[in-house]
Q: 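Supplied in structure tokens, the structure appears directly below.
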Amino acid sequence: MTHNALFSHAFTFYFQMLNMKIHPDRYTFPSLINACAGLLDVGMGNLVHHHVLQMGFYSDLYVSNALIDMYARFNELGKARNVFDNMPHRDIVSWNTIISGYSSNGYWEEALSLFKELRKFSLVPDFATVSSVLPACGGLVSFVDGGVVHGLVEKTGMRAHTLVSNALLSMYFKFLDLENCRKLFDETVARDTVTWNIVICGYSQSGLYEESIKLFQDMVSKFEPDLLTITSVLRVCTHIGELNYGKFVHKYMMRKGYACDTTASNILINMYAKCSDMVTAREIFDRMKCRDLVSWNSLINGYFRNGCCMESVNLFKMLKVVLEPDFVTYVTLLSMSTQLVNLSQVKQIHSDLFKVGYDSCLVVGNALVDAYAKCGSTEDSLTQFYSMKRRDIVTWNSIIATCVHFDECDIGFKMITQMRREGVMPDEATMLSLLPICSVLSAKRQGKEIHACILRLGYHLHVPMGNALIEMYSKCGSLKNSVIVFEHMKTKDVVTWTSLISAYGIYGEGRKAISAFEEMKRTGVTPDHIIFVSVIHACSHSGLVEEGRAYFNNMKKEYDIEPQIEHYASVVDLLSRSGLLAEAEEFIVSMPFTPDESIWGALLSACRSSTDVKIAERVAERIVELNSENTGYHILVSNVYATLGKWDKVRTIRKSLKNRGLKKDPGCSWLQIHNRVYVFGAGDRHHEQYEEVNKFLELLNDLLRKEGYVADLKFVLHDVDDDEKREMLCGHSERIAIAFGLLNTKPGTPLQIVKNLRVCGDCHTFTKYISKIVQRELLVRDANRFHLFKDGVCSCRDLW
DNA sequence: CTAGGGTTAG
């Protein structure tokens, strides 16, 4: 007969006894209360407690101890505590029961404070006391209290007790004190299954997966693992994708009869799915006698992660026949639609979720924020975000990432303020989202603050974090800091090297970019297709035509990486930027791809600064034919026509853009002075020092003319007369920013300016002159790269 | 045991 059946019989006998008018005595109740506790029968428990009070046994020690235990098992610690507090006499068992009650339900503080209270009495803690309070010390990660209890254990020799040594071991794993764990484990002679489970699980949770497997192998030769051991090891195999050992464990389970356990089978399905063996995962699923929702979800998710969306969807349809899908099922479906960038599907699932009421679930809401963003709808993503009543760190990280993705940096920065106001602490993912915002805005001060946070939280050793920091510093004008971060990184991946190479690229340090690439090869990191874009780009911005071409040619030969259209675009940029327009055009014709707007655009950008009118017109026509969705290319073409004085064509393009509702990004420049950011638009007449800045610009123009500067009117892209053109050039946002910066900082201070578009040829000349006249270093970041103007020359060597 | 959020270029 099972325990439960026996417990039920106890009730039957009790009621028979009452019917026969036989009075229970104080020996009747403890076992009856234990039965209520064992069956978790709250109603019966309350009834029995009522009888205890009625019959006057409430001051009995044994009855009260049993009641404390019962209420603790019901997770009704208030009632347990009430019984405890009202006892006229307590023994060590009373204390142990209440402490263990708190401890096993996660009330660590209460357990610990009662333990401290106990020590004021003359009662002596025993093995049960200690093994109840140790989990509390671990749960609170209290090294001090843990040390005190450990001292007590050593003094009284209680470590010989397996229960106690297990609890100690478990606590040191929570402290992540692996050294002490090893020592304790090695010294423990009386090991049981629990001891092994603690170390196997502990090492796995500390990330030492190999160690965990080794211990399991050691254990199998001496001890019979239980289901918990097996599932721990399987989890390790799943984590590291260790299919072979997973298969071994699977066979072992079948021999021992563990394979019919539902949870164990679910873990097996996940293990095989993670290792991309969907055939076996399916076999296990098909053979299961009792499938639960987790089994279905695991298989559906497995198929999706392995790229078999059809199977996923079919299974989902089958699932709906036998069971009601839960929010996990729907979240998986959302992930799938997100990956497929299928906005209408996301909306369909959203309405299904609404119907079954899962739309208020936090995880679901978070998945929706992300799904809408990744399917291209900022609007829906923001609506979903604002509609959520509860938000956690994931919600905030998703919406901040969305802002970054859609270049809504201002909203992103506001979000972080609001998030802190709502009491949510940023985590690693938040930092990784925020750094790109700093990069885009060139917000070095904020970037440095985040860097300080990262150091404080110890995230700086993580590779993606270092990578983001390299990019942040380089985009914020500090190549030096990028290199320092790079050099401090212990582990470097392709992305790390790509970030460094790109950093060198935008500062025109092509040679350094090349030697970084060569050094990367020596360290054994394998290049990917993206790093070649960066390398060629770096060559292009330093005029290293031969080197760039060589890297392009070697991609396939040396690294077996097939050049993509973006590599061809890089080469077109490389050739045309150095003035080899004809060669660039030939190169395009010989491509194995149909040239798209990125290819023609690269060539046309270079045409702007050349005098080859014929090529410019030819290329412009090509781009017009492609009728791109991207406004940038139309603007580029329009600008080229404007430079050539073909105003009718300019008007046609502007009209067609207007008709399609497309708008040009207005030019703007900004700079930071004493922790404040000043933003200026083109022709800005509303900034706070308009009069002064305007006068100062006139003064500068006079000085410049004396030095030999002549305004190059072909860079005015509007059909107006020459005087107006001259005036319009003065209105370019970078000039306003420069003049403003010069006026508001001490002589000799270097200035740092950011422009959202590419700097125009005339402003480039203008800034060169300025740097000489006022003897200042001007670091300008435009849409393409950095220009360091110093003493009349620019670091880009006019390869802008 | 299943489910939601971070990286490189143009």
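Heavy-atom basis, side chains included; hydrogens, waters and symmetry copies ignored. Order of the sequence lines sets the chain letters (A, B, ...), proteins ahead of strands, with each chain counted from 1. The shown structure was predicted, so the numbers you read here are calculated from the model rather than taken from an experiment.
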Q: With a non-hydrogen cut-off below 4.0 angstrom, is A/K274 in contact with a base, only sugar-phosphate, or nothing?
A: nothing
Q: Just compare B/dC1, B/dA3, B/dT8 and give me whichever is closest to any side-chain atom of A/D528.
A: B/dT8
Q: Please evaluate residues A/I400 and A/I437 with respect to the criterion side chain to side chain contact (heavy atoms under 4.5 Å, CB included), reporting the C-alpha separation (whole Å), side-chain torsions for both, the decisive distance (0.1 Å), and the verdict.
A: CA-CA 9 Å; A/I400 292 169; A/I437 299 191; 4.3 Å; yes
Q: Whole-Å distance between B/dT2 P and A/N266 CG?
A: 9 Å
Q: Who passes ring pair (Phe, Tyr, Trp, His ring centres under 6.0 Å) against A/H634, sequence neighbours left out?
A: none
Q: Indicate, with a heavy-atom threshold strictly under 4.0 Å, whether A/S598 touches base, sugar-phosphate, or nothing.
A: nothing
Q: Side chain of A/S232, backbone of A/C201: donor and acceptor closer than 3.5 Å?
A: no
Q: Among B/dT8, B/dA3, B/dT7, which nucleotide sits nearest the side chain of A/T332?
A: B/dA3
Q: Where the side chain of A/S502 is defined as all heavy atoms beyond and including C-beta, which of B/dA3, B/dA9, B/dG5 is the nearest nucleotide?
A: B/dA9
Q: In whole Å, what is the span from the CE atom of A/M419 to the C1' atom of B/dG5?
A: 11 Å
Q: Contact class for A/S335 (heavy atom, under 4.0 Å): base, sugar-phosphate, or nothing?
A: sugar-phosphate
Q: Check whether A/S542 reaches the backbone of A/C539 with its side chain - one donor and one acceptor, N or O, closer than 3.5 Å.
A: no
Q: Using whole Å, what does the distance between atom C1' of nucleotide B/dT7 and atom CD of A/E428 come to?
A: 12 Å
Q: Contact class for A/I267 vs. all strands (heavy atom < 4.0 Å): base, sugar-phosphate, or nothing?
A: sugar-phosphate
Q: Provide, to the nearest angstrom, the distance between the CZ atom belonging to A/R758 and the P atom belonging to B/dG10.
A: 13 Å
Q: At under 4.0 Å between heavy atoms, what does A/R305 touch on the DNA or RNA strands: base, sugar-phosphate, or nothing?
A: sugar-phosphate
Q: Give the nucleotide from the list B/dG5, B/dC1, B/dA9 with an atom nearest to the side chain of A/K475.
A: B/dA9
Q: With a 4.0 Å limit, can you tell me whether A/H537 has a side-chain N or O closer than that to the phosphate oxygens OP1/OP2 of B/dG10?
A: yes
Q: Looking across every strand, which nucleic acid part, if any, lies under 4.0 Å from A/V331 by heavy atom: base, sugar-phosphate, or nothing?
A: sugar-phosphate
Q: For the pair made of CG in A/L362 and P in B/dG5, what is the distance, rounded to whole Å?
A: 13 Å
Q: Indicate, with a heavy-atom threshold strictly under 4.0 Å, whether A/D370 touches base, sugar-phosphate, or nothing.
A: sugar-phosphate
Q: Taking only the side-chain heavy atoms of A/V495 (C-beta and beyond), determine which of B/dT8, B/dG10, B/dG5 contains the nearest atom.
A: B/dT8
Q: What distance do A/E547 atom CD and A/I536 atom CD1 have between them, rounded to the nearest 0.5 Å?
A: 12.5 Å
Q: May I have the distance from A/I416 (atom CD1) to B/dG5 (atom P), rounded to whole angstrom?
A: 18 Å
Q: Quick one: does A/S381's side chain have a donor or acceptor within less than 3.5 Å of a partner on A/V369's backbone?
A: yes
Q: Just compare B/dT7, B/dA9, B/dC1 and give me whichever is closest to any side-chain atom of A/S534.
A: B/dA9
Q: Any side-chain N or O of A/N270 under 4.0 Å from OP1/OP2 of B/dC1?
A: no
Q: Specify the separation, in whole Å, of atom CD1 of A/I531 and atom P of B/dT7.
A: 18 Å
Q: Assign A/F532 to base, sugar-phosphate, or nothing according to its heavy-atom contacts below 4.0 angstrom with the strands shown.
A: nothing
Q: Base, sugar-phosphate, or nothing: which does A/L435 touch, judged by heavy atoms less than 4.0 Å apart?
A: nothing
Q: Mind calculating the distance between NE2 (A/H529) and C1' (B/dA9) to the nearest angstrom?
A: 10 Å
Q: So which nucleotide from B/dA9, B/dT2, B/dA3 ends up closest to the side chain of A/N297?
A: B/dT2
Q: Looking only at the side chain of A/T263 (C-beta and beyond, no hydrogens), which of the listed nucleotides B/dC1, B/dT8, B/dT2 gets closest?
A: B/dC1
Q: Under 3.5 Å, is there any donor-acceptor pair linking the side chain of A/D427 to the base of B/dG5?
A: yes
Q: Once you apply a heavy-atom cut-off of 4.0 Å, does A/D392 come out as touching a base, just sugar-phosphate, or nothing?
A: base
Q: On the nucleotide B/dT7, are OP1 or OP2 found under 4.0 Å from the side-chain N or O atoms that A/K492 carries?
A: no
Q: Check for me whether the distance between the ring centres of A/Y504 and A/F486 falls short of 6.0 Å.
A: no
Q: If you check every side-chain atom of A/E566, which of B/dG5, B/dG10, B/dC1 has the closest atom?
A: B/dG10
